[in-house]
Amino acid sequence: MNLLNMGVNIVALEKNDKLYGMACAWATMVGTEELVLLLGSQSETANILEIGDKIGVSALSINQKDCAILFGSYHSSKKNKFINQDYSLNQGAITIKNAKVQMQCEVFNITRVKGNNEDFLVFAKVIAQEVNKKEKFLSMEDID
């Protein structure tokens, strides 16, 4: 049962000549130019992030279910998630083309969440954005 309507967001970057990407557990805007992302502690992408990194955040569109499943199902070291994806790379930030929203962001704070998983809260400032007004957001409910 889904109690809240949650979109599907991909966080991706290039770092040390390797492409990383994951489906974000949760994301929200906390200002006109800032967002907060919850990234799982098991994620290779979350574990390599540092303050100052440029990341892409793509809010997927309704027709990108396959992309959501791919990025949510595998670790970056186990499968090249980008091989059949149409994406853009700009200063390390990777965005998924044809997403409802594509944002290039800079990480300015990372906090560990206390508890069993000690997941990461990643705070990022939006540097650039592109909104595809013709598309609808993909919801987690659309995947279930």
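It should be emphasised that the depicted structure is a prediction, and the values quoted were computed from it without experimental measurement.
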- prompt: Same cluster for Ile48 and Leu121 if Ile/Leu/Val/Met/Phe/Trp/Tyr side chains link at under 4.5 Å?
  reply: no
task: Go through the steps to decide whether Val113 and Glu118 satisfy the test side chain to side chain contact (heavy atoms under 4.5 Å, CB included), and finish with yes or no.
output: CA-CA 5 Å; Val113 177; Glu118 297 211 5; over 6 Å; no
statement: Smallest heavy-atom separation, Asp119 atom then Leu38 atom, equals CB-CD1, 3.8 Å
- request: List in chain and number order the residues that pass side-chain hydrogen bond (donor to acceptor under 3.5 Å, both in side chains) with Glu50, two or more places apart in sequence or in another chain; answer none if no residue qualifies.
  value: Lys15
task: Taking all non-hydrogen atoms of both residues into account, name the closest pair between Lys81 and Gly21 and its distance.
output: NZ-O, 2.6 Å
- request: Establish whether Ile110 and Leu13 are linked, either directly or via other cluster members, by ILVMFWY side-chain heavy-atom contacts under 4.5 Å.
  value: yes
- prompt: Are Val8 and Trp26 connected in a single hydrophobic cluster, I mean Ile/Leu/Val/Met/Phe/Trp/Tyr linked by side-chain heavy atoms less than 4.5 Å apart?
  reply: no
- prompt: Hey, are the side chains of Ile96 and Cys67 touching, using non-hydrogen atoms and a 4.5 Å cut-off?
  reply: yes
message: I need the single residue from Thr28, Ile55, Asn9 that forms a side chain to side chain contact (heavy atoms under 4.5 Å, CB included) with Leu37. Which is it?
response: Ile55
query: Can you tell me how far CD of Gln91 sits from CD1 of Ile94, rounded to the nearest 0.5 angstrom?
result: 13.0 Å
- line: The reported gap from NZ in Lys65 to OG in Ser139 (rounded to nearest 0.5 angstrom) is 10.0 Å
field: Partners passing side-chain hydrogen bond (donor to acceptor under 3.5 Å, both in side chains) against Glu34 (at least two apart in sequence or in another chain)
entry: none
Ser41 OG to Asn47 CG distance, which is reported to the nearest 0.5 Å: 7.0 Å
message: With heavy-atom distances below 4.5 Å as the criterion, would you say the side chains of Glu135 and Leu60 are in contact?
response: no
- prompt: Would the number of heavy atoms belonging to other residues, nucleotides or ligands and lying under 6.0 Å from NZ of Lys136 be above 12?
  reply: no
query: Passes side chain to side chain contact (heavy atoms under 4.5 Å, CB included), Val122 versus Leu49? Steps please.
result: CA-CA 9 Å; Val122 176; Leu49 279 182; 4.0 Å; yes
query: Quick one: does Ser61's side chain have a donor or acceptor within less than 3.5 Å of a partner on Ala99's backbone?
result: no
message: Enumerate the salt bridge (Lys or Arg N to Asp or Glu O under 4.0 Å) contacts for residues 22-33, please, sequence neighbours excluded, ordered by first and then second residue.
response: Glu33-Lys125
field: Heavy-atom check, side chain of Lys54 versus side chain of Cys105, under 4.5 Å
entry: no
- prompt: Could you state the interatomic distance from CG (Leu19) to CG (Leu89), rounded to the nearest 0.5 Å?
  reply: 7.5 Å
- request: Decide yes or no on side chain to side chain contact (heavy atoms under 4.5 Å, CB included) for Leu35 and Met103, but give the supporting numbers first.
  value: CA-CA 10 Å; Leu35 55 112; Met103 294 178 277; 3.9 Å; yes
- prompt: What's the shortest heavy-atom distance between Gly40 and Met22, and which atoms?
  reply: N-CE, 4.1 Å
statement: Contacts of Tyr20 meeting ring-ring contact (aromatic ring centres under 6.0 Å, His included) (sequence neighbours excluded), chain-then-number -> none
message: Within the structure provided, determine whether Ile143 and Leu138 are in side-chain contact (heavy-atom separation under 4.5 Å).
response: yes
- request: Using the rule that two of Ile, Leu, Val, Met, Phe, Trp, Tyr join whenever any of their side-chain heavy atoms come within less than 4.5 Å, decide whether Val131 and Met29 are in one cluster.
  value: yes
message: Listing request: all side chain to side chain donor-acceptor pair (under 3.5 Å) pairs with a residue in residues 104-115, at least two apart in sequence or in separate chains.
response: Asn90-Gln104
- prompt: Given the rule that I, L, V, M, F, W and Y join up when any side-chain heavy atoms are under 4.5 Å apart, are Val107 and Val126 in one cluster?
  reply: yes
- request: Would you give the length of the straight line joining atom CD1 of Ile69 to atom CD of Gln64, rounded to the nearest 0.5 angstrom?
  value: 12.5 Å
query: Can you tell me how far the CD1 atom of Ile62 sits from the NZ atom of Lys100, to the nearest 0.5 Å?
result: 11.5 Å
field: Pairs meeting criterion ring-ring contact (aromatic ring centres under 6.0 Å, His included) with involvement of residues 76-122, two or more places apart
entry: Phe71-Phe82, Phe82-Tyr87
